[in-house]
Each structure stands twice: as structure tokens, then as C-alpha cells.
Amino acid sequence: MADKRILIIYTGGTIGMVNDPDTNSLIPFDFKNILKNVPELRNFDFQIDSRSFNPPIDSSDIYPDIWKKLVTIIEESYDVYDGFVILHGTDTMAYTASALSFMLHNLSKPVILTGSQLPLGTIRTDGKENLITALEIAAAQKNGQALVPEVCIYFQDKLFRGNRTTKYNAENFRAFRSDNYPPLAEAGIHLRYNYPFIRYTLKPGEFAVSKEMNTNVALLKLFPGINKSVVDAVMNLSGIEAVVLETFGSGNAPTFQWFLDSVADALSRNVLVLNVTQCIAGSVDMERYATGVHLSELGVISGYDITTESAVTKLMFLLANSKNREEVKKSLNMSLKGEISI
Ligand code: ASP
């Protein structure tokens with residue numbers, strides 16, 4: 001009997017589809033039949049169990065209750081399994097990976113998200129390799145310790161820290177990037193782990209989960225010509241508690257008075273404004289240009305090199321799980337789960 005056990009959780013998405021010979025269209029397959037669809041899984045020397053969402057969901061329909069469901073499944077089965085593989089649509093996978101990284105604490109087991117651009121049931125599928133390698137990583141241990149005790153995305157040939165990823169390609173098999181943090185592993189003939197970049201907690205406390213998220217968060221992407229009514233509308237949304245401001249370059253924004261007034265007014269109403277760059281790589285540095293200094297003088301908080309996906313979910317997590325605004329601000333200036341380099 002295999003002594004290691006891995007749980008696959010199928011949430012939905014392209015990977016779990018097969019061709020229905022009757023209609024010649026793609027339909028989700030029953031994950032109870034996963035061994036039939038991917039017979040290679042029998043060759044692993046560990047036990048694989050699976051659970052499937054019913055009905056499976058396209059990842060565009062993901063919302064925080066689904067994250068709650070996922071962390072609850074992990075919590076309930078944490079002692080039974082050595083690792084978890086979550087199959088998820090690629091569209092919002094980076095958001096889910098980021099959210100889970102904030103909701104799971106003192107993780108000592110891998111939680112690997114993967115999916116595919118082509119369904120498992122098609123000849124050229126990328127799903128098989130993604131699934132098989134994700135499982136191998138989820139089960140990888142040394143001296144009884146998981147090699148990658150983090151929430152990650154495995155895709156094509158790279159393992160990324162989940163909260164550093166962004167989906168950047170809607171067609172290519174290489175769908176994800178992590179430009180501000182190196183891959184945690186690369187798969188070729190060998191699986192090469194990038195140990196210095198993997199997060200090992202020296203003294204991990206008790207595994208714990210947070211289940212609540214606060215969705216009073218908005219995202220405003222700046223562009224030349226953005227008009228006052230758009231900015232004012234977002235800054236004055238009813239119930240809004242935090243705005244992720246996607247700025248230019250190293251955190252720069254217009255210096256028009258109406259713009260600065262709108263941001264200042266939101267801040268005076270205790271709305272947090274987090275500055276995140278629109279660039280896919282690099283960091284916010286509000287001190288570099290006058291167009292950034294204005295924001296920092298107003299009290300806009302730096303997002304450093306955080307991704308937008310991580311910024312949105314970090315705020316949802318912090319707003320729901322902090323004692324007060326000061327604590328939220330403090331945590332935004334800290335790396336909680338390796339999401340920023342500071
Ligand atoms: N629309 C699909 C989803 O994100 C695409 C995919 O599975 O990759 O669920």
C-alpha cells in the first residue's frame with residue numbers, strides 16, 4: 001500500500017473536458033474516472049484520490065465563496081494527504097492561487113494549481129503533462145518534508161509561486177508568467193528545484209485557515225485621458241474600503257489637481273489606496289518621479305512589486321482579517337506569503 005497520498009480537487013476548466021463522441025463537443029468528464037482518462041497516474045507510487053466540484057465551474061465564475069470551499073476541503077483533509085493538486089481554469093487561476101496563499105497559514109504541504117489550454121481528452125493536450133508533473137511536485141519530499149510547501153502554479157514546464165503569477169497568454173501553452181520572482185522549479189528531463197527561492201518556514205506554527213474575504217475592493221487602471229467622473233465614481237463607490245490603483249511605470253500618475261483631490265478625498269474617508277504598477281515586471285517606487293511623489297505625500301501605499309491579482313486578494317484578505325486600518329496598512333508594507341520583495 002502506498003504510504004503517500006495526494007488529493008486532486010477538480011474545480012472546472014478546460015483540463016477536465018473530454019470529447020463527447022455523440023455530440024462531438026467538449027463536456028466535463030467525471031473525475032471518478034480520472035484513471036481511465038489518464039492511465040499514467042497508475043504508475044505513481046503514491047495514492048491519488050480526487051474530488052470534483054459539482055457542477056464544475058468555468059474559472060470566470062470564481063468568487064470568494066469558492067476559495068472558502070477550497071480552503072475548507074484542504075483544512076478537512078490536511079492530515080490525511082501529503083499534498084494537494086487543484087485543477088482550475090486558467091483564466092482566474094492567478095487570483096485563486098494568490099487568494100489561497102493568503103488564506104492558508106503555516107503550510108507545510110504543497111498546494112499546486114494547474115490546468116490546461118487544451119482538454120485532457122484531446123490528442124495534443126497540455127493537460128496530461130501539467131497534471132502529471134503537478135502531482136509529482138505535490139508528492140515530492142525529502143526526509144519526510146515537502147520540497148515545496150507553498151501555494152504554486154505549475155504550467156508547461158515551470159513551477160511558480162502562486163501569488164507572483166499572471167496569466168498573460170490566452171493561446172500559448174506557456175500561459176503564465178512570474179516576472180518578479182524566479183520559478184521555484186523547472187521541468188525538463190529532470191525536475192530541478194530552485195531551493196533558495198522556495199519559502200521554508202523555520203518554525204512553522206500550527207496549520208490554520210482564514211475563510212473570510214472582504215470584497216469592498218475596487219481596481220482602477222489609469223490611462224492617459226481618463227476622465228474625472230470615472231476616477232470620482234470609483235473613489236466614491238458605496239461601501240468601498242480599498243482601491244488598487246494601477247499606475248504607470250514605477251508608480252506614477254497624473255498630477256492634475258482634480259485627480260489628486262479625488263485620491264486625497266478618498267484617503268480622508270479612510271479608503272485605502274494601493275499603488276500597483278501596470279508593468280508586468282518591476283516595482284513601484286513613488287520617490288523616483290515627481291508624478292509618484294505626489295501620491296506618496298497624499299498617503300497612497302506602495303504595492304512594491306506585487307501583481308494586481310495578489311494586490312486585490314491581499315486587500316480582500318486583510319480587510320476581513322485585521323483588527324483595524326492601521327494593521328491593514330502595516331501588513332501591506334510586509335511580505336506575508338512571499339508576494340512582494342521588500
Ligand atoms: N475559460 C476557461 C477557464 O478559465 C479556460 C481554461 O480552462 O483555461 O475556466
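Both ligands and their constituent atoms are indexed starting at 1 by order of listing. Throughout, residue positions are numbered sequentially from 1 according to the sequence presented.
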Distance filter under 4.0 Å, heavy atoms only, around ligand 1 gives Gly13, Thr14, Asp58, Ser59, Gly89, Thr90, Asp91, Ser116
Side chain to side chain contact (heavy atoms under 4.5 Å, CB included) with Ile48: of Val38, Leu135, Leu7, only one passes, and it is Leu135
* To do: Validate the cation-pi geometry between Lys109 and Tyr81: distance from NZ or CZ to the six-membered ring centre under 6.0 Å, angle to the ring axis within 45°.
  => no
Hits for side chain to side chain donor-acceptor pair (under 3.5 Å) against Asn324, two or more places apart or cross-chain, chain-then-number order -> none
Parallel, tilted or perpendicular for Phe176 and Phe155, by the 30°/60° rule? perpendicular
The complete set of salt bridge (charged side-chain N to carboxylate O under 4.0 Å, His left out) pairs with one or both residues in residues 185-196, sequence neighbours excluded, reads Lys158-Glu186
Residue set satisfying side chain to side chain donor-acceptor pair (under 3.5 Å) with Ser52, at least two apart, ordered chain then number -> none
